[in-house]
Student: 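Before we start, here is the structure in question, set down as structure tokens.
Counting starts at 1 for both ligands and their atoms, following the listed order.
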Amino acid sequence: MQRYEATVVGSGPNGLAAAIELARAGLSVLVMEAQATMGGGAQCREFTLPGFVHDVCSAVHPLAVSSPFFSRLPLREHGLEWIDPPAALAHPLDDGTAVLLQPSLQATCDSLGADGAAYRKLMQPLVERWPLLARDLLAPPRFPRHPWAWARFGWIAWRDAKSAAESLFRGERARALFAGLAAHSMLPLEQKPSAAFALVLAAAAHAVGWPIPRGGSGQIASALAGYLQLLGGQIQTGARVDSIDQISGSALALLDVTPRQLLAIAGQRFPEPFRRSLTRYRYGPGIYKMDWALDGPIPWRASECATAGTVHLGGSLEEIARSESAVWRNEVNARPFVILAQPSLFDPSRAPEGKHTAWAYCHVPNGFHGPMVEAIEGQIERFAPGFRQRALARHMMSPKDLERHNANLVGGSINGGVHDFRQMLLRPTYRLYSTPAKGLYLCSSSTPPGGGVHGMCGYYAARRALRDRGLMSSR
Ligand SMILES: Cc1cc2nc3c(=O)[nH]c(=O)nc-3n(C[C@H](O)[C@H](O)[C@H](O)COP(=O)(O)OP(=O)(O)OC[C@H]3O[C@@H](n4cnc5c(N)ncnc54)[C@H](O)[C@@H]3O)c2cc1C
């Protein structure tokens, strides 16, 4: 059997990023993936009907296009093409209108009425400094390289989203927009630093957009894999690693898994205090995900929703805050906050001619067993009456289904663990990427900077491993 200097377990965006960085340093690298298809959270399937291409997990990619690592890779040459919908996001309201988060800051301000000036004051400095800010945000905890950009961000970011929105804005429209963005944190909106997620996603929308890959998110993984193979890296699918002994032939092992799996795979190599700290790691809420094959576009009451790649369905700040905090009490709201993407409106390759796809999820308690189809479709019908009649087929994934599909989605948790202050700084422990076992590292979204398709966890884990072996400077 061929021996590899480094083995990466898991072919998610972080596993592939780690493998690329190791291969670029000249190491021979093997990626071992449990599933039959590589890509982890960036994969597509024909879940519903032939010819309808659905994103299994990630669909919309502001962090991928902001990623300092991905932007240095020749992913376009390996088939990755970004499509920018005219608006990043629509947030419909019960009065039949919708707030639009558009690439143009001015156009977005105009749609916020009296709150437009406050929105501009908040966002303009962040948008102007986005490339610098992204470099510090998509990195391990450290003193910011760009303190001035960071100071403007941190001033609001450390706050909870609910009180931040209430103090910054007077009207329902801007508050609702801010709440929907902050809900991506999967934190209660009354908890710090949920406001940070709203700032990051809004600034990215104006600075780089919220694009979708032509052909689906699987194209991100294919482009990363294509480049890795060009560098000599190998990928083996259907190769689940249950014990570290399976890969003991490699001097370096980087695991694109979460702390619970790390314990199962290599727990016997760790001292008791490290095992205990991994056990204490928290995963937070899960999600319930749905995909539809549709007979036509979603019949939005606010027609401007059809210009956006993503639509937030949750109404007002108060309603979204209620929905998000219920999840943390192990409950679900009858009207959950739903995040929906409609890629086929902008990418015809996703569905047969004249037909469409939709992708949506809502947050639920970790490991939740109950039914959510009525609640999710009810929220879509609320803002798009007649939606159900367009559905040709639907596909559901409960938290258990998600975890069965990808062991990293523990109890349906999609970001590798809670993103509160503690787990942003100590993710998953004070050691971040490294472990007490020589040559063994963690490189998944359970390390900094956390969830999302950006590859930065894998990149920094690989750099750490290379530095420990004296293969690169500590720059
Ligand atoms: C439904 C859903 C929607 C999302 N939407 C978005 C979005 O729109 N935009 C965005 O940026 N992010 C989104 N995310 C988050 C994003 O997908 C993840 O943050 C990202 O994929 C994390 O990358 P990763 O490499 O750390 O882990 P993953 O992508 O989860 O990859 C881990 C890989 O390791 C493999 N593996 C696990 N255990 C083993 C083992 N023992 N042996 C071998 N292989 C193993 C898994 O099969 C998997 O392929 C979404 C996630 C989900 C679930």
Side-chain angles (χ1 to χ4, degrees), residues 7-19 30-43 54-67 70 138 184 186 200-201 204 210-213 216-217 220-221 224 235-244 246-247 253-258 260-266 286-291 309-310 339-341 343 359-363 397-399 401-417 419 427 442-459 461:
T7 298
V8 174
V9 176
S11 67
N14 285 313
L16 293 172
L30 173 68
V31 178
M32 295 178 74
E33 167 56 51
Q35 296 180 45
T37 318
M38 62 95 204
Q43 283 187 46
H54 302 283
D55 290 319
V56 179
C57 296
S58 76
V60 182
H61 296 94
L63 298 180
V65 288
S66 300
S67 164
F70 282 179
L138 294 176
H184 284 256
M186 297 185 79
V200 166
L201 290 174
W210 288 14
I212 57 170
S217 66
I220 302 174
L224 289 167
I235 302 174
Q236 228 176 61
T237 53
R240 189 187 157 89
V241 173
D242 292 309
S243 161
I244 196 70
Q246 281 170 258
I247 53 173
L254 277 73
L255 272 52
D256 185 9
V257 304
T258 78
R260 192 178 294 183
Q261 299 140 274
L262 177 64
L263 273 169
I265 294 171
I287 67 158
Y288 192 101
K289 159 136 194 291
M290 292 189 69
D291 290 279
T310 306
I339 299 170
L340 179 145
W359 162 113
Y361 68 81
C362 71
H363 301 150
M397 287 178 102
S398 68
D401 298 327
L402 285 160
E403 189 172 340
R404 247 192 309 273
H405 159 73
N406 175 349
N408 284 27
L409 306 175
V410 177
S413 165
I414 66 172
N415 285 319
H419 276 116
R427 192 172 185 85
L442 198 60
C443 69
S444 72
S445 60
S446 299
T447 63
V453 172
H454 45 64
M456 297 306 291
C457 312
Y459 166 72

Student: Tell me, which protein residue and heavy-atom name are nearest atom 9 (N) of ligand 1, and how many Å apart are they?
Tutor: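 That would be Val60 O, 2.7 Å.
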Student: Would you mind running through ligand 1 and noting each atom that sits below 4.0 Å from a heavy atom of Gly451?
Tutor: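 Once the distances to Gly451 are compared, the set is 19 (O).
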Student: Does Ala239 come within less than 4.0 angstrom of ligand 1, counting non-hydrogen atoms of the residue?
Tutor: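 Distance cut 4.0 Å: Ala239 passes for ligand 1.
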Student: Would you please classify the geometry between the Tyr361 ring and the Trp359 ring as parallel, tilted or perpendicular, with 30° and 60° separating the classes?
Tutor: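 Plane angle over 60°, so perpendicular.
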Student: Just need the protein heavy atom nearest to atom 41 (N) of ligand 1, so name the residue and atom and give the distance.
Tutor: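 Going atom by atom, the protein heavy atom closest to atom 41 (N) of ligand 1 ends up being Val241 O, 2.9 Å.
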Student: Determine, considering heavy atoms only, which of Ser445, Cys443, Ala18, Gly452 sits nearest to atom 19 (O) of ligand 1.
Tutor: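 Looking at heavy atoms only, Gly452 sits closest to atom 19 (O) of ligand 1.
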Student: Quick check: closest heavy atoms across Gly10 and Val31, and the distance to 0.1 Å?
Tutor: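 Closest pair (atom of Gly10, atom of Val31, distance): O-CG1, 3.7 Å.
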Student: Return the residue, atom name and 0.1 Å-rounded distance of the protein heavy atom closest to atom 24 (P) of ligand 1.
Tutor: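 Closest protein heavy atom to atom 24 (P) of ligand 1: Asp256 OD1, 3.3 Å.
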Student: To the nearest 0.5 Å, what is the distance between CG (Leu402) and CG (Asn408)?
Tutor: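 Output value for this atom pair is 12.0 Å.
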Student: For atom 47 (O) of ligand 1, which of the options Glu403, Glu33, His405 provides the nearest non-hydrogen atom?
Tutor: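 Among Glu403, Glu33, His405, the closest heavy atom to atom 47 (O) of ligand 1 comes from Glu33.
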Student: Please work out whether any backbone atom (N, CA, C, O) or any side-chain heavy atom from C-beta onward of Met38 is under 4.0 Å from ligand 1, and answer side chain, backbone, both or neither.
Tutor: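 The answer is neither.
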Student: Report, in ascending order of atom number, the atoms of ligand 1 lying under 4.0 Å from any heavy atom of Val9.
Tutor: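 Those qualifying, in numeric order: 40 (C), 42 (N), 43 (C).
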Student: Counting N and O atoms only, with roles assigned by atom type, does the side chain of Asn14 sit under 3.5 Å from a partner on the main chain of Cys457, one being a donor and the other an acceptor?
Tutor: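 Confirmed, Asn14 side chain pairs with Cys457 backbone.
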Student: With a 4.0 Å heavy-atom cut-off (strictly under), which part of Trp359 contacts ligand 1: side chain, backbone, both or neither?
Tutor: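 Contact part for Trp359 vs ligand 1: side chain (C-beta onward).
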Student: Side chain, backbone, both or neither: which part of Asn408 has a heavy atom under 4.0 Å from ligand 1?
Tutor: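 Side chain only; the backbone of Asn408 stays clear of ligand 1.
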Student: Looking only at protein heavy atoms, which one is nearest to atom 17 (O) of ligand 1, and what is the separation?
Tutor: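 For atom 17 (O) of ligand 1, the nearest protein heavy atom comes out as Gly41 CA, 3.7 Å.
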Student: When rounded to the nearest 0.5 angstrom, what distance separates CZ in Arg427 from NE2 in His419?
Tutor: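 Going from the CZ atom of Arg427 to the NE2 atom of His419 covers 3.5 Å.
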Student: Lys289 versus His405: any side-chain heavy-atom pair under 4.5 Å?
Tutor: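 Not in contact.
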Student: What are the atoms of ligand 1, with element, lying closer than 4.0 Å to any heavy atom of Ser444?
Tutor: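 With Ser444 as reference, the close atoms of ligand 1 come out as 26 (O).
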Student: Between Gln35 and ligand 1, is there a nitrogen or oxygen pair with a distance under 3.5 Å?
Tutor: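 N/O-N/O distance under 3.5 Å: yes.
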Student: Does Ser58 offer a backbone N or O that forms a donor-acceptor pair with the side chain of Ser217 under 3.5 Å?
Tutor: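 Pair found, side chain donor or acceptor close to backbone of Ser58.
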Student: For Gly39, does its backbone N or O pair with a side-chain atom of Ser11 as donor and acceptor, under 3.5 Å?
Tutor: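 Yes; judged by distance alone, with no hydrogens or angles, the pair exists.
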Student: By number and element, which atoms of ligand 1 are closer than 4.0 Å to a non-hydrogen atom of Gln261?
Tutor: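 In order of numbering, the contacting atoms are 37 (C), 38 (N).
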Student: Without hydrogens or angle criteria, can the side chains of Thr258 and Gln261 be said to hold a donor-acceptor pair below 3.5 Å?
Tutor: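 Looking only at side-chain atoms, Gln261 and Thr258 do form a donor-acceptor pair, the distance falling under 3.5 Å.
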Student: Which one of Ser58, Ala407, Ser66 has a non-hydrogen atom at the shortest distance from atom 14 (N) of ligand 1?
Tutor: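 Heavy atom nearest to atom 14 (N) of ligand 1 belongs to Ser58.
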Student: What are the atoms of ligand 1, with element, lying closer than 4.0 Å to any heavy atom of Gly40?
Tutor: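 That gives atoms 29 (O), 31 (O), 48 (C), 49 (O) of ligand 1.
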Student: Which residue holds the protein heavy atom closest to atom 52 (C) of ligand 1, what is that atom called, and what is the gap in Å?
Tutor: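 Nearest protein contact, heavy atoms only, for atom 52 (C) of ligand 1 is Cys57 CB, 3.4 Å.
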Student: Just to check, does Ala59 reach to within less than 4.0 Å of ligand 1 when the distance is taken from its heavy atoms?
Tutor: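 True for this residue.
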Student: List ligand 1 atoms under 4.0 Å from Lys289, heavy atoms only on the residue side.
Tutor: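 Counting from 1, the qualifying ligand atoms are 1 (C).
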Student: Side-chain contact, heavy-atom cut-off 4.5 Å: Leu16 with Ile235?
Tutor: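 In contact.
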Student: Spell out, as yes or no, whether a donor-acceptor pair under 3.5 Å connects the side chain of Ser446 to the backbone of Gly416.
Tutor: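 Answer holds: yes.
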Student: Are Val453 and Leu63 close enough that some pair of their side-chain heavy atoms sits under 4.5 Å apart?
Tutor: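 A side-chain contact is absent here, since even the closest heavy-atom pair is not under 4.5 Å.
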Student: Would you say the side-chain atoms of Glu403 pair up with the backbone N or O of Gly411, donor to acceptor, closer than 3.5 Å?
Tutor: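 Checking the backbone N and O of Gly411 against the side chain of Glu403, a donor-acceptor pair under 3.5 Å is found.
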Student: Could you check whether any side-chain N or O of Ser445 sits under 3.5 Å from a backbone N or O of Gly451, counting only pairs where one atom can act as donor and the other as acceptor?
Tutor: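 Side chain of Ser445 to backbone of Gly451: no pair is present.
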Student: Under 4.0 Å from a heavy atom of Met32: give me the atoms of ligand 1 that qualify, with their elements.
Tutor: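 That gives atoms 43 (C), 44 (N) of ligand 1.
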Student: How does Ile287 reach ligand 1, if at all, at less than 4.0 Å between non-hydrogen atoms: by side chain, backbone, both, or neither?
Tutor: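 Contact part for Ile287 vs ligand 1: side chain (C-beta onward).
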Student: My understanding is that we take every heavy atom of each candidate and find the minimum distance to atom 39 (C) of ligand 1. Doing that for Ile339, Ile414, Val257, Asn406, which one comes out nearest?
Tutor: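 Nearest heavy atom to atom 39 (C) of ligand 1 lies in Val257.
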Student: How far is atom 16 (C) of ligand 1 from its nearest protein heavy atom, and which residue and atom name does that atom have?
Tutor: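 The closest heavy atom on the protein side is Val453 CG2, 3.9 Å.
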Student: Is there a heavy atom of Leu402 sitting under 4.0 angstrom from any atom of ligand 1?
Tutor: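 Judged by the 4.0 Å heavy-atom criterion, Leu402 does not count as contacting ligand 1.
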Student: Under 4.5 Å between any side-chain heavy atoms of Ile414 and Cys57, yes or no?
Tutor: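 Heavy-atom side-chain distance check fails, nothing below 4.5 Å.
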Student: Applying a heavy-atom cut-off of 4.0 Å, say which part of Asn14 lies close to ligand 1: side chain, backbone, both or neither.
Tutor: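 The answer is both, backbone and side chain.
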Student: Treating Gln246 as the side-chain partner and Arg240 as the backbone partner, does any N or O pair qualify as donor plus acceptor under 3.5 Å?
Tutor: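 Yes: the side chain of Gln246 pairs with the backbone of Arg240.
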Student: Which residue and non-hydrogen atom of the protein lie closest to atom 34 (O) of ligand 1, and at what distance in Å?
Tutor: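 For atom 34 (O) of ligand 1, the nearest protein heavy atom is Gly10 CA, 3.2 Å.
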Student: Which option, Gly12, Pro13, Gly286, Ser217, owns the non-hydrogen atom nearest atom 23 (O) of ligand 1?
Tutor: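 Ranked by closest heavy atom to atom 23 (O) of ligand 1, first place is Pro13.
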Student: Please tell me if the side chains of Cys443 and Asp256 come closer than 4.5 Å, counting only heavy atoms from C-beta onward.
Tutor: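 They are in side-chain contact.
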Student: For Ala34, take its heavy atoms, then give the atoms of ligand 1 lying under 4.0 Å from any of them.
Tutor: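 Counting atoms of ligand 1 from 1, those under 4.0 Å from Ala34 are 42 (N), 43 (C), 44 (N), 45 (C).
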